[in-house]
Protein chains: 2
Amino acid sequence: MTSRRAYKREGEEARRAALIAATLDCIAEGGPQAATVRAIALRAGVTQGLIRHYFATKEDLIAAAHETLMSSLTAASAARLDELPADALARLAGFVANAVTPPVVDPRAMSLWAASMQLVPRDSAMRAVHETTYLAFRDRLEQMIAAALQAAGKPADPATTRRLAIAGNALLDGLWIEASLLPDHFAKDDMTSIATKAFESLLDLKFPE
Amino acid sequence: MTSRRAYKREGEEARRAALIAATLDCIAEGGPQAATVRAIALRAGVTQGLIRHYFATKEDLIAAAHETLMSSLTAASAARLDELPADALARLAGFVANAVTPPVVDPRAMSLWAASMQLVPRDSAMRAVHETTYLAFRDRLEQMIAAALQAAGKPADPATTRRLAIAGNALLDGLWIEASLLPDHFAKDDMTSIATKAFESLLDLKFPE
DNA sequence: GCTTAAATTATACACTTGCATAATTGCGAG
DNA sequence: CTCGCAATTATGCAAGTGTATAATTTAAGC
C-alpha cells in the first residue's frame with residue numbers, strides 16, 4: 001500500500017523543453033544559485049531523478065537552457081520581421097522601434113541575458129553561442145541598413161555598413177538594457193523617439209512618418 | 001603542541017576591504033556560486049570564521065562588494081577626466097575613445113557588471129545603486145555633449161542634450177559590452193574609429209584630429 | 001490481456017554550504 | 001612585563017547540494 005506518486009509519460013522533446021523552461025524560470029527569479037536540481041524538478045512538476053535521465057549532468061541542463069534562451073531572444077526580434085512594411089526605410093524604423101519597447105524590452109529577459117553574459121568569458125561553449133547569435137543579429141541589422149541607405153540614394157559600401165551595424169547594434173543593446181533595468185525612467189514614446197532620431201543621425205537620413 | 005595558524009591583526013577597514021576584494025575576485029572567476037564563504041576566506045588569506053566577524057551575514061558581504069564595484073567602475077572612467085584636453089570637442093572625443101578601449105574595456109569588469117545587473121530587477125538596494133551610478137555617468141556625458149555642441153556653435157537645449165546623452169550612453173555601453181565579450185573581434189583602432197564616427201554623426205559635428 | 005523496455009519515482013550518499021560557538025593568540029595599556 | 005580584550009582560528013552542525021542506484025509504474029507491441 002505504498003502510494004507512489006502517479007505520473008504520465010511525456011515525449012522526450014516535451015520533457016526536455018519543460019525542464020529547460022523550469023530552469024530559466026528559476027534563474028530569472030533567483031539567479032543561478034536558485035536553479036538547484038530540486039527547485040527545477042519541483043517547478044517542472046517532476047521528481048529530481050528525472051533530470052538526470054534527460055541530462056547527464058546539471059551543467060548540461062544549464063548549458064541547454066542558455067542556448068534555448070539565446071535563440072529565443074533573437075527569434076523574438078525576428079518574429080515581427082514579416083509584419084514590417086516592405087519599404088526599406090519604414091522597415092528599419094519599425095525594427096528599431098520594436099527593439100526598444102515591450103515586449104522585447106523585458107526585465108525577465110534582461111535578467112536572464114545578464115546571467116548568460118556572465119558565463120561568456122569563462123565558458124567557451126557559451127562564448128561560441130554568443131558569437132553566433134550576436135553576429136546573426138548584427139548581420140540582419142546590416143542588411144536592413146544597407147537597404148535603407150540605397151533607398152535613400154546614399155552609398156552603402158561594405159566597410160561603412162559594417163561600421164554602422166556595429167554602432168547601431170550597440171545602440172539598440174544599450175537602450176534595451178536601460179529600458180529593461182529602469183522601466184519607469186522612460187516612457188514608451190520617449191524610447192522610440194530617442195532610438196529613431198539616433199538612427200536617423202547615424203545614417204544621415206529621415207524615416208517616413 | 002597544537003600548532004595553531006599564525007596570524008597578524010589588521011585594522012577593520014583593511015580587513016573589510018580585503019574581504020570585499022576577495023569576494024569580487026571569486027565572482028569574477030566563477031560567478032556568484034563560486035563566492036562561497038570558504039573560497040572568499042581562502043583568497044583573502046583568512047579563515048572563514050573571520051568573515052562572520054566583520055559581516056553579520058554573507059548577503060551583507062555580497063551587497064558591500066557590489067556597492068564597491070559600482071563606485072569603482074564609475075570612478076575608473078572619472079579618473080582620466082583631468083588628463084583630457086580643455087577643448088570641449090577634443091575632450092568629448094577623448095572620453096568616448098577611452099570608454100571603448102582597455103583598460104576600461106575589460107572582461108573581468110564586464111563579468112562583474114553582468115553579475116550586478118542580474119540583481120537589479122529583484123533587489124531594490126541594487127536597483128537604487130544602479131540608478132544612481134547610471135544617472136551620474138549619463139549626466140557627466142550630457143555636460144560634455146552640451147559643451148561640445150556649444151563649442152561647435154550648435155543649439156544645446158536641455159531636451160536635445162538629454163536625448164543625445166541617453167543615446168550616447170547606450171552606444172558606449174553597447175560597444176563596451178561587445179568589446180569586452182569578444183575582444184578578438186575588434187581591433188583597438190577599429191573600436192575607437194567606430195565610436196568616434198558614431199558620435200560625430202549623432203551630434204552632427206567633427207572632432208579635431 | 002500479457003510482456004517488456006523505457007520513463008519515472010524513491011531513497012541513499014558523500015560532499016558542500018552558511019552559520020554558530022568555543023578555544024586561542026596577538027598586541028596595546030598600565 | 002604582564003594583563004586583558006578583541007581579533008582570529010578551530011571545530012562542529014544542520015540543512016542543502018549534485019549524483020548514483022534501485023524500485024516501481026506507464027504504455028506500447030504482440
(message) If you compare every side-chain N and O of Y54(A) against the phosphate oxygens of dT8(C) (OP1, OP2), does one of them come in below 4.0 Å?
(response) yes
(request) Report which part of the nucleic acid E10(B) touches: base, sugar-phosphate, or nothing (heavy-atom distance under 4.0 Å, all strands). (result) sugar-phosphate
(request) Select base, sugar-phosphate, or nothing to describe what F55(B) touches, counting heavy atoms under 4.0 Å on all strands. (result) nothing
(request) Calculate the interatomic distance between E59(B) atom CD and dT17(C) atom C1'; express it in whole Å. (result) 15 Å
(message) Using side-chain heavy atoms (C-beta onward) and a distance below 4.5 Å, is L73(A) in contact with F137(A)?
(response) no
(message) At less than 3.5 Å, do the side-chain atoms of Y7(B) and the base atoms of dT9(D) form a donor-acceptor pair?
(response) no
(message) Can you identify which nucleotide, out of dA10(D), dA7(D), dC19(C), has its nearest atom closest to the R9(B) side chain?
(response) dA7(D)
(request) Would you indicate, yes or no, if dT19(D) has its OP1 or OP2 atom less than 4.0 angstrom from a side-chain nitrogen or oxygen of T57(A)? (result) yes
(message) Over all strands shown, is R15(A) touching base, sugar-phosphate only, or nothing at heavy-atom distances under 4.0 angstrom?
(response) sugar-phosphate
(request) Mind calculating the distance between CZ (R4(B)) and P (dA22(C)) to the nearest angstrom? (result) 14 Å
(message) Between P on dA10(C) and CD on Q48(A), what's the gap in Å once rounded to a whole number?
(response) 11 Å
(request) Figure out the CG/C1' separation between L50(A) and dA23(D), and round it to whole Å. (result) 15 Å
(message) Is there a side-chain contact between H53(A) and the phosphate of dT8(C), meaning an N or O under 4.0 Å from OP1 or OP2?
(response) no
(request) Assign T47(A) to base, sugar-phosphate, or nothing according to its heavy-atom contacts below 4.0 angstrom with the strands shown. (result) base
(request) Answer with yes or no whether R52(B) presents, from its side chain, a donor or acceptor under 3.5 Å of a partner atom in the base of dA20(C). (result) no
(request) Determine the minimum heavy-atom distance between M70(B) and S116(B), stating which atoms define it. (result) CE-CB, 3.6 Å
(message) In whole Å, I'd like the distance from the CD1 atom of I62(B) to the P atom of dC19(C).
(response) 10 Å
(request) For R5(B), report the nucleic acid contact type (base, sugar-phosphate, nothing); a contact means any heavy atom under 4.0 Å. (result) sugar-phosphate
(message) If you assign A6(B) and T36(B) each to the DNA chain C nucleotide with the nearest heavy atom, which residue ends up on the more 5' nucleotide?
(response) T36(B)
(request) For Q33(A) and for G49(B), find the nucleotide of DNA chain D with the closest heavy atom, then tell me which residue's nucleotide is more 5'. (result) G49(B)
(message) Without decimals, in angstroms, what is the distance between L19(A) CG and dT9(C) C1'?
(response) 14 Å
(request) Establish whether the base of dG18(C) is bridged to the side chain of R38(B) by a donor-acceptor pair shorter than 3.5 Å. (result) yes
(request) For the pair D190(A) and R162(B), find out whether any cationic side-chain nitrogen is under 4.0 Å from an anionic carboxylate oxygen. (result) yes
(message) How many whole angstroms separate atom CG of L42(B) from atom P of dA10(D)?
(response) 13 Å
(message) Test side chain to side chain donor-acceptor pair (under 3.5 Å) on E12(A) and H53(A); report intermediate values, then the result.
(response) CA-CA 10 Å; E12(A) 168 163 354; H53(A) 190 252; over 6 Å; no
(message) How many whole angstroms separate atom NZ of K8(B) from atom P of dC27(C)?
(response) 7 Å
(request) Could you tell me whether R108(A) and D25(A) have a side-chain N and a carboxylate O separated by less than 4.0 Å? (result) yes
(request) Would you check, one step at a time, whether the test side-chain contact (heavy atoms from CB on, under 4.5 Å) holds for E178(A) with H130(B)? (result) CA-CA 10 Å; E178(A) 286 312 331; H130(B) 170 74; 3.2 Å; yes
